Amino acid sequence: MMQLFHSVSQQCSRITTEQYSTSFSSAIHLLHKDLRAPIYNIYGFVRLADEIVDTFHAYDKPTLLAEFKEQTYDAIERRISLNPILNSFQLTVHQYHIEMDLIDAFLHSMEMDLTRRTYDNAGYEEYIYGSAEVVGLMCLHVFCDGNKALWEQLKPAARKLGAAFQKVNFLRDVKADYEGLERMYFPGCDFSNFTAAQKAAIEADIQADFDAAYAGILQLPMKARFGVYVAYKYYLSLFKKIKKTAPHRILQQRIRIPDYGKMFILAKAGVRSQLNLL
């Protein structure tokens, strides 16, 4: 019966991913079937923490996050939790030997979201590492499936991919972050006077992250490569659309890729895969 409980827990993580992110859930579905559940488990954990700091405004967010943090550590130590998201996450932590320092860094970045409104360069890099790069490293543990040497080799690229995704999210969600949550992640930027030069500097940094990440994607095991490549292409397409958008328009609307655009990206990626061009 324990296997039934674990199975139900992992279904909760899968449903959470599918409901919160159609893009990521679509990309996860393109991974080998052995990799899907653990990646859903990681995303479910990350999503739940993010919801606490970004959405639960009518509640005591510091207390909720502190309780979530304690419950996360308890779940990992006890190897079980009555919270199905945390139960599925601890299964993945133990199966793939995910280091506690990665989890610590992620939860620390969530705590930063409770109090920080602006960032200098050091704080920005610290936040990016904890909120995004470590998530890429957690997923890389799953993709490498115990091959520590490969994990170490691909670690820099995984960090860059996580950073690129997060920075694109910042540009995409700037209206909600700046107006709704009063956050300014990019150092030295004032979105009440966001200039083309500031936008171009941010975009150059993101492009460098994408370029460094791509080389790592090509070295991933076959079970993971196609799904990660499609996620990369989704975000790269979104980034290219943002680059074409004037600075003042970013503050007025949330840029997105329509479903037909995602289907085209998937089809094109499929052709490249069939031709062994990945």
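On a predicted model such as this, the values are computed, not experimentally measured, just so you know.
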Quick one: does any side-chain atom of Trp151 pair with a main-chain N or O of Asp145 as donor and acceptor, under 3.5 Å? no
Polar contact flag, side-chain donor to acceptor under 3.5 angstrom, Ser81-Gln71: no
I'd like to know if the side chain of Gln198 and the backbone of Thr195 have a donor-acceptor N/O pair within less than 3.5 Å. yes
CD of Glu111 to CG of Leu65: how many Å apart, nearest 0.5 Å? 5.5 Å
Given side chain to side chain contact (heavy atoms under 4.5 Å, CB included), test Gln207 with Lys243 step by step and report yes or no. CA-CA 10 Å; Gln207 187 63 61; Lys243 287 177 69 175; 3.9 Å; yes
Start with the C-alpha distance between Cys12 and Asn87, add both sets of side-chain angles, then the distance that settles side chain to side chain contact (heavy atoms under 4.5 Å, CB included), and finish with yes or no. CA-CA 10 Å; Cys12 289; Asn87 188 60; over 6 Å; no
Verify the cluster assignment for Ile103 and Leu91: are they in a single hydrophobic cluster under the rule of side-chain heavy atoms below 4.5 Å apart? no
Does the side chain of Leu161 come within less than 4.5 Å of Asp209's, by heavy atoms? no
Polar side-chain atom of Arg36 near backbone of His29 as donor-acceptor pair, under 3.5 Å: yes
Students often mix this up, so state it plainly: with edges at 30° and 60°, are the rings of Tyr127 and Tyr119 parallel, tilted or perpendicular? tilted
Could you tell me whether Lys160 atom NZ has more than 12 heavy atoms of other residues or ligands within 6.0 Å of it? no
Cluster question for you: counting only ILVMFWY and a side-chain heavy-atom cut-off of under 4.5 Å, with indirect links fine, are Ile85 and Met2 together? no
Is the shortest heavy-atom distance from the side chain of Val230 to the side chain of Tyr235 under 4.5 Å? no
Between Glu99 and Lys148, is the closest basic N to carboxylate O distance under 4.0 Å? yes
Shared ILVMFWY cluster between Tyr43 and Leu220, side chains joined below 4.5 angstrom? yes
NZ of Lys241: more than 12 outside heavy atoms within 6.0 angstrom? yes
Derivation of the side chain to side chain contact (heavy atoms under 4.5 Å, CB included) call for Lys223 and Leu31: CA-CA 6 Å; Lys223 284 185 173 183; Leu31 299 170; over 6 Å; no
Given the rule in the ring pair (Phe, Tyr, Trp, His ring centres under 6.0 Å) test, do Tyr40 and Phe45 qualify, once you have shown the distances and angles that lead to the verdict? CA-CA 9 Å; Tyr40 283 136; Phe45 165 73; over 10 Å; no
Nearest non-hydrogen partners of Gly44 and Thr16, listed with the distance: CA-CG2, 4.3 Å
How close do Gly162 and Ala132 get, counting heavy atoms only, and between which atoms? O-CB, 3.3 Å
Of all heavy-atom pairs between Glu203 and Leu171, which one has the smallest distance, and what is that distance? CG-CD1, 4.5 Å
Decide side-chain hydrogen bond (donor to acceptor under 3.5 Å, both in side chains) for Tyr96 and Asn41; before the verdict, give the C-alpha distance in whole Å, the side-chain angles of both, and the deciding distance to 0.1 Å. CA-CA 12 Å; Tyr96 294 96; Asn41 296 346; over 6 Å; no
So which heavy atom on Pro38 is nearest to which on Val142, and how close? CG-CG1, 3.6 Å
Name of the residue among Phe210, Phe165, Phe24 meeting ring pair (Phe, Tyr, Trp, His ring centres under 6.0 Å) with Tyr232: Phe210
Lys199 side chain to Ile242 backbone, donor-acceptor under 3.5 Å: yes
Can you find a side-chain donor-acceptor pair between Asn121 and Glu125 that sits under 3.5 Å? no
Which distance, rounded to the nearest 0.5 Å, do you find between the CE of Met110 and the NE2 of His108? 10.5 Å
Residue pair Asp205 / Lys167, side-chain heavy-atom distance below 4.5 Å: yes
In this structure, CD of Glu70 is separated from CD of Glu67 (nearest 0.5 Å) by 8.0 Å
In this structure, CD1 of Ile98 is separated from CE of Met138 (nearest 0.5 Å) by 6.5 Å
Following the transitive rule for hydrophobic clusters with a side-chain heavy-atom cut-off under 4.5 Å over Ile, Leu, Val, Met, Phe, Trp and Tyr, establish whether Leu82 and Leu4 coincide in one cluster. no
Over all heavy atoms of both residues, which pair between Lys155 and Leu137 is shortest? Give the atoms and the distance, please. CG-CD2, 3.5 Å
Rounded to the nearest 0.5 Å, how far apart are CZ of Phe143 and CD of Gln219? 14.5 Å
Can you find a side-chain donor-acceptor pair between Ser88 and Ser13 that sits under 3.5 Å? yes
Report, as yes or no, whether the 6.0 Å neighbourhood of atom NE2 on His6 holds more than 12 heavy atoms from other residues, nucleotides or ligands. yes
Student check: side-chain heavy atoms of Pro221 and Leu150 closer than 4.5 Å: yes
Can any side-chain N or O of Lys69 pair as donor or acceptor with the backbone N or O of Asp104 at less than 3.5 Å? no
Using only atom types and a distance under 3.5 Å, with no angle test, would you say the side chain of His94 pairs donor to acceptor with the backbone of Ile76? yes
Determine whether Ile80 and Ile42 fall in the same hydrophobic cluster, where Ile, Leu, Val, Met, Phe, Trp and Tyr are linked whenever their side-chain heavy atoms lie under 4.5 Å apart. no
Side-chain touch Tyr234/Ser26, heavy atoms, less than 4.5 angstrom: yes
What's the verdict on side chain to side chain contact (heavy atoms under 4.5 Å, CB included) for His141 and Thr92, showing C-alpha distance, side-chain angles and the deciding distance? CA-CA 10 Å; His141 272 297; Thr92 295; over 6 Å; no
Over all atoms of both residues, closest heavy-atom pair of Glu133 and Ala163: OE2-CB, 3.9 Å
To the nearest 0.5 Å, atom OG of Ser109 lies from atom CG of Leu114 at 11.5 Å
Quick one: does Leu86's side chain get under 4.5 Å of Phe68's, heavy atoms only? yes
Using 30° and 60° as the class boundaries, would you call the ring planes of Tyr214 and Tyr229 parallel, tilted or perpendicular? tilted
For Arg14 and Ala37, indicate whether the former's side chain and the latter's backbone hold a donor-acceptor pair under 3.5 Å. no
Which of these passes side-chain hydrogen bond (donor to acceptor under 3.5 Å, both in side chains) with Tyr185: Asn169, Asp113, Asp173? Asp113
Is Arg47 close to Thr17 at the side-chain level, that is, under 4.5 Å between some pair of heavy atoms? no
Any side-chain heavy atom of Glu126 within less than 4.5 Å of one from Met112? yes
